[in-house]
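Everything on this sheet refers to the single structure shown next.
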Number of protein chains: 2
Amino acid sequence: MKMQNFKYEGSGLNRFFGPLEAKIMEILWNSIEEMTIKDVQQKLDNDSKANNFNTVMTVMNRLVDKGILQKKALARSYQYSPVVTREAFMEAQSKELTLDLIEEFGSLAVTHMVDALDKVDPGLLDQLEQKIKEMKKDR
Amino acid sequence: MKMQNFKYEGSGLNRFFGPLEAKIMEILWNSIEEMTIKDVQQKLDNDSKANNFNTVMTVMNRLVDKGILQKKALARSYQYSPVVTREAFMEAQSKELTLDLIEEFGSLAVTHMVDALDKVDPGLLDQLEQKIKEMKKDR
DNA sequence: TCCTTACACTACAAATTGTAGTAGGAGTCG
DNA sequence: CGACTCCTACTACAATTTGTAGTGTAAGGA
């Protein structure tokens, strides 16, 4: 389940998926149960205008092909569910991206981190400082 | 000059551009002088197999359309050059991505930063610690 | 048996990126 | 002046990604 891109535009799942893909993942991740295509399609209908069943199916099966969803055969249909939890997904993306960012920009990224942290949530600065201390202590 | 994606695959300019685009930007940024299409094409030829002149032209003009290159009319041709220096480009990407990363992942990213920094270059940890101190002092 | 339902297969559209042909205009050389 | 060369503009096609949806098919139920 290898993502390709991190998009500058959008937010949340839209950074990793197309708009419809994102809505579908959102629905699947919000559901406790596994869902059929029809389930997902109806959820989508609630939110906005009707989506063609086949459209939803195609996109969902593409997500299966990419290893993001898995499907389990029922009598007359399939039940779909994410391969990993949303938390695990976000965790993996965060890890990958953070590493890539530092590999790519190194010292430059460090400079920007402090500003960005301060801008988004100054509390994160303390958290980071704490983490660094712990890391150094363990050596 | 708004980038769309940060690619997980590849490294350097390939994270932002297609393969040929990246080679072309590499050449333009390595050149002190502005360059014509032919200049760039010949540089490309040195590196690998021949590239069609028109191919290089099309890609370069697309980069102009995107606001990444600019072209200046000469008597019989144009001279192309990047709109911003490589350093400014990297600076802007680093800033944008770092901010997006933190907006998107917040505390999660903070956790990964320390590990990533330690893995890539432990010296960056000290640098970061220093930066945090400075930031806090200024308040 | 016939119908409904869910899936499979297929196709098309727009955007992105790489590729390259053709045509035209402008300067050059004989 | 006329033929030639060179550079650009225009155009087009292919592959990939994502959204969209039609048609066919098979299985199960009435």
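Small disclaimer: the values here were computed from a predicted structure and weren't measured. Each chain gets a letter, A, B and so on, in the order the sequences are listed, and its residues count up from 1.
When distances run from any side-chain atom of B:Glu21 to the nucleotides D:dA9, D:dT20, C:dG18, the shortest one goes to C:dG18. The side chain of A:Asn52 lies closest to D:dA21 when the candidates are C:dA6, D:dA21, C:dA8. When distances are taken from the side chain of B:Lys38 to each of C:dC7, D:dC7, D:dT11, the shortest belongs to D:dC7. Among D:dC7, D:dT20, C:dA6, the nucleotide with an atom closest to any side-chain atom of A:Ser77 is C:dA6. Proximity note for A:Met57 (side chain, C-beta onward) versus D:dT8, D:dG19, C:dA8: the nearest is C:dA8.
Taking atom CG of residue A:Leu44 and atom C1' of nucleotide D:dA21, one finds them 15 Å apart after rounding to whole Å. Remark: P of D:dT20 and CD1 of A:Ile24 are 9 Å apart, rounded to the nearest angstrom. Rounded to whole angstrom, the span from the CG atom of A:Asp65 across to the C1' atom of C:dC9 amounts to 13 Å.
Looking at which nucleotide of DNA chain D each of B:Lys71 and A:Leu20 is closest to, the 5′-most match is held by B:Lys71. Of the two residues near DNA chain D, B:Tyr78 and A:Lys66, the one whose nearest nucleotide lies more 5' is B:Tyr78.
Between C:dT16 and B:Lys7, no contact under 4.0 Å exists linking OP1 or OP2 to a side-chain N or O.
Taking the six-membered ring where the residue is Trp, B:Phe16 and B:Phe89 present perpendicular rings, their angle passing 60° and hence far from 30°.
Comparing the helix axis at one end of the helix from C:dT1-D:dA30 to C:dG30-D:dC1 with that at the other, each defined from 5 consecutive pairs, gives an inter-axis angle of 40° (nearest 10°).
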**Request:** Assign a letter to each nucleotide of nucleotides 22-28 of chain C from its 5' end: B, base within under 4.0 Å of a protein heavy atom; S, sugar-phosphate only; -, no contact.
**Result:** B--BBS-
